[in-house]
Structures are given as structure tokens and as C-alpha cells.
**Student:** 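Structure in C-alpha cells, see below.
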Amino acid sequence: MYLNNKNINLPEDPDTIVWKYLDLSKFLDLLLSKKLFMSRSDKFEDQYEGTFSEPTFEEIKKLSVNKPEFLNYYKTHREKVVISSWHINEYESFAMWQIFTQNSEGLAIQSTIRRLQNAVIAEKNHEQYIGEVNYIDYKKEYIPFDDMFFPFLFKRKSFQYEREVRIISDISSANIKINDGMKIDVDINQLIEKIYIHPKSENWYKNLVIELVSKLGFDFTIEKSDLESDILI
């Protein structure tokens, strides 16, 4: 289950394909723990995560003149929001393999929007949403702030290639401190539709992944990426 918010956008087709690219150790941790790691929003490489565009920030500053705690709340709130990022694409992405996997020992989880929605187990202690990221010009465009989730669903246009859908959790009411992130309960069989092995991997690596997945009691379809298949002349 996940919470719905009519103001948060998602692709119209729930069977839209999404991907997560990760290394073997993170994949095995997911299977062993049956929990999905969520990164703290202020720990992302992009320092703009969870911040506002310039037009929005100017408006918030005006509102904060007599209420400095108002602005401080928005700054510290980033520490209480955790995110799991997924990539929308009908096909594999060569760029995503390059960015999110090292060497040739990486994997890609193929899922769908519907599967993400069914996989995420709703938490009683905090709000949880799934939404599509909007890419805007932070110098010109406005980010609404009537909903505390909106700053985390906008990124700069230079990140458009990510085509990102996010699972977002706000743990403010849970009164817990997190370092780099936290794990949330998920239904693994709903979350994962298919596994793709890194296109540059050796056969022994594919066989290793198949054996490990089988020993852990799962029977996902596992294929090697065909991005490096032989050229036919």
C-alpha cells in the first residue's frame, strides 16, 4: 500500500516500466532484508535536493520576516525526508548502467509503477508517496510550497535524463534520527518483475546471480542485458 495525493503526478499508465540500477551487494541486501533502502534527501549529490527555486525562495523569505522558524523548518525538514529513485524507460538505459554501476558487476531491477505501488508497505508513523519528478528552471520557475512533498518532486532541467519516479517518505512524526538513510518494508515479489545483468558481465557472473537468487527462495526472470550483443553484418 501507499498513500495517494491528488496533487502528485504519476504516468497515466500504471504499467509504465521503471528501473533501478544497483550493484550486487545492494541487491543482495534488498533480498535478504526484504527492505528497500531510502536515501536521506540532503545526502544526494545534487545539493539542490529538497530546496526551492529562486521565485519560491523569495516568497518564503517574505513570509519569514517575522517568523524565522518558518524558513528554518524548511531547511531542517530535508533531514526527515527519505527517497528511493527509479528511472522511467521502456528500455534499458546505457547511461544509467554507466552512472549507477561500477565495473561490470551491476544489476538492473525492472518493475512498473503499479508494482511499486503494490510493493510499498504503508507505515503508520509517517507519510509515504510515489510521484514523478518535474524538471524546471530554478532561476525562473515556481515550486508550490503548500505541500511539504513538493520540493522533493522538482529538480533542475540538467537532470532531465534521469526521468525519475520517487518513493518518498516523511519521517518527521516518527521522532527517529537517521544518518545516510533508512530501510522500509517492501513486498519483494511485487517490487521486482525481472532482473537484467550488466551488459559487460561474464557468464559466470550471471550464473552466480541466478544461483544466489534461487538459494534465497526467489524465482525472478533473470536475463543478461543485450546492449553488448554481437553486431550482425
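Note that these values count all heavy atoms, side chains included, but never hydrogens, waters or copies made by symmetry.
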**Student:** Could you state the interatomic distance from CE (M38) to OG (S84), rounded to the nearest 0.5 Å?
**Tutor:**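 Going from CE on M38 over to OG on S84, the span is 6.0 Å.
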
**Student:** Please determine if D13 and R114 form a salt bridge, counting it only when a charged side-chain N lies under 4.0 Å from a carboxylate O.
**Tutor:**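 Answer for the salt bridge query: no.
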
**Student:** State, to 0.1 Å, how close Y21 and S93 come at their nearest heavy-atom pair, and which atoms those are.
**Tutor:**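 Residues Y21 and S93, closest heavy atoms: OH-N, 2.9 Å.
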
**Student:** Taking atom CG of D15 as the centre, report whether more than 12 heavy atoms of other residues, nucleotides or ligands fall under 6.0 Å from it.
**Tutor:**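 Atom CG in D15 is crowded, with more than 12 foreign heavy atoms closer than 6.0 Å.
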
**Student:** Do the side chain of Y205 and the main chain of K200 share a donor and acceptor less than 3.5 angstrom apart?
**Tutor:**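 Side chain of Y205 to backbone of K200: no pair is present.
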
**Student:** Report yes or no: do Y91 and I88 belong to one cluster of Ile/Leu/Val/Met/Phe/Trp/Tyr joined by side chain heavy-atom distances under 4.5 Å?
**Tutor:**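 As far as the 4.5 Å side-chain criterion goes, I88 and Y91 are not connected within one cluster.
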
**Student:** Salt bridge or not for D185 and K35, using N-O below 4.0 Å?
**Tutor:**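 Answer for the salt bridge query: yes.
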
**Student:** Kindly give the heavy-atom pair with the smallest separation between W19 and E90, and that separation in Å.
**Tutor:**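 So the minimum-distance heavy-atom pair works out to CZ2-O, 4.3 Å.
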
**Student:** Does Y161 have more than 12 heavy atoms from other residues, nucleotides or ligands lying within 6.0 Å of its OH?
**Tutor:**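 Yes, enclosed.
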
**Student:** Using a distance-only test with no angle check, is there a side-chain donor-acceptor pair under 3.5 angstrom linking S85 and E164?
**Tutor:**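 Checked: S85/E164 side chains pair up, N/O donor to acceptor below 3.5 Å.
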
**Student:** Looking only at non-hydrogen atoms, find the nearest pair between I178 and R40 and report the distance.
**Tutor:**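 Nearest heavy atoms, I178 then R40: O-NH1, 3.0 Å.
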
**Student:** If you measure from CD1 on I136 to CD on Q160, what distance do you get to the nearest 0.5 Å?
**Tutor:**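 Between atom CD1 of I136 and atom CD of Q160 there are 11.0 Å.
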
**Student:** How many angstroms lie between atom OG of S25 and atom CD of E105, to the nearest 0.5 angstrom?
**Tutor:**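 If I round to the nearest 0.5 Å, the distance is 10.0 Å.
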
**Student:** Evaluate salt bridge (charged side-chain N to carboxylate O under 4.0 Å, His left out) for D187 paired with K34, printing each intermediate quantity in order.
**Tutor:** CA-CA 7 Å; D187 182 333; K34 296 183 174 64; over 6 Å; no

**Student:** Is any side-chain N of the basic residue among K157 and D137 closer than 4.0 Å to the acidic one's carboxylate O?
**Tutor:**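 Here K157 does not pair with D137 in a salt bridge, since their nearest N and O are not under 4.0 Å apart.
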
**Student:** Quick check with a 6.0 Å cut-off and a 45 degree axis cone: is R156 positioned over the face of Y48's six-membered ring?
**Tutor:**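 Yes, a cation-pi geometry.
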
**Student:** If we ignore angles and hydrogens, is there a donor and acceptor under 3.5 Å between the side chains of S111 and E193?
**Tutor:**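 There is no such pair (donor and acceptor under 3.5 Å, judged by atom type) between the side chains of S111 and E193.
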
**Student:** Distance check, rounded to the nearest 0.5 Å: L216 atom CG versus D219 atom CG?
**Tutor:**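 Interatomic distance, L216 CG to D219 CG, rounded to 0.5 Å: 12.5 Å.
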
**Student:** Give a yes or no on whether E202 atom CD has more than 12 heavy-atom contacts from other residues, nucleotides or ligands under 6.0 Å away.
**Tutor:**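 Not more than 12 within 6.0 Å, no.
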
**Student:** I need the minimum non-hydrogen distance between K26 and D23, along with the two atoms involved.
**Tutor:**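 Scanning both residues, the minimum pair turns out to be N-OD1, 2.9 Å.
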
**Student:** May I ask you to decide if Q190's main-chain N or O and R115's side chain share a donor-acceptor pair within less than 3.5 Å?
**Tutor:**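 Checking the backbone N and O of Q190 against the side chain of R115, a donor-acceptor pair under 3.5 Å is found.
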
**Student:** Taking atom NZ of K20 and atom CG of L30, what is their separation to the nearest 0.5 Å?
**Tutor:**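 K20 atom NZ to L30 atom CG measures 9.5 Å (nearest 0.5 Å).
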
**Student:** Would the distance check show the side chain of T101 and the main-chain N or O of W97 forming a donor-acceptor pair, the cut-off being under 3.5 Å?
**Tutor:**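 Such a contact is found between T101 side chain and W97 backbone.
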
**Student:** Locate the shortest heavy-atom distance separating H198 from S104; write the atom from each residue and the value.
**Tutor:**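 Closest approach of H198 to S104: CB-O, 3.2 Å.
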
**Student:** For the pair S41 and E49, evaluate side-chain hydrogen bond (donor to acceptor under 3.5 Å, both in side chains) and give the outcome as yes or no after the intermediate values.
**Tutor:** CA-CA 6 Å; S41 70; E49 286 286 351; over 6 Å; no

**Student:** If you take all heavy atoms of P144 and F154, which pair is closest and at what distance?
**Tutor:**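 So the two residues come closest at CD-CZ, 4.0 Å.
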
**Student:** Does the K224 side chain pair with the main chain of K206, one donor and one acceptor, at a distance under 3.5 Å?
**Tutor:**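 No; zero donor-acceptor contacts below 3.5 Å.
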
**Student:** Same cluster or not: are V165 and F37 linked, directly or through other Ile, Leu, Val, Met, Phe, Trp or Tyr residues, by side-chain heavy atoms under 4.5 angstrom apart?
**Tutor:**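 Cluster IDs for V165 and F37 differ.
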
**Student:** Might you work through the side chain to side chain contact (heavy atoms under 4.5 Å, CB included) test for I130 and L10, ending with a clear yes or no?
**Tutor:** CA-CA 8 Å; I130 299 175; L10 273 176; 3.9 Å; yes

**Student:** Taking only Lys NZ, Arg NE, NH1 and NH2, and the carboxylate oxygens of Asp or Glu, determine whether E59 and K62 approach each other closer than 4.0 Å.
**Tutor:**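 Between K62 and E59 there is no salt bridge, as every charged N stays at least 4.0 Å from the carboxylate O atoms.
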
**Student:** To the nearest 0.5 Å, what is the distance between OG1 on T221 and NZ on K194?
**Tutor:**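 Here the interatomic distance stands at 6.0 Å.
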
**Student:** Donor-acceptor pair, S201 side chain versus I197 backbone, under 3.5 Å?
**Tutor:**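 Judged by distance alone, no pair lies under 3.5 Å.
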
**Student:** May I ask you to check if R166 and F44 form a cation-pi contact, with NZ or CZ under 6.0 angstrom from the six-membered ring centre and within 45° of the axis?
**Tutor:**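 Here R166 passes the 6.0 Å and 45° test against F44.
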
**Student:** I'd like to know if the side chain of T112 and the backbone of T16 have a donor-acceptor N/O pair within less than 3.5 Å.
**Tutor:**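 It does not hold such a pair.
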
**Student:** In terms of the angle between their ring planes, are F218 and F220 parallel, tilted or perpendicular, with boundaries placed at 30° and 60°?
**Tutor:**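 Because their plane-to-plane angle is under 30°, the rings of F218 and F220 count as parallel.
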
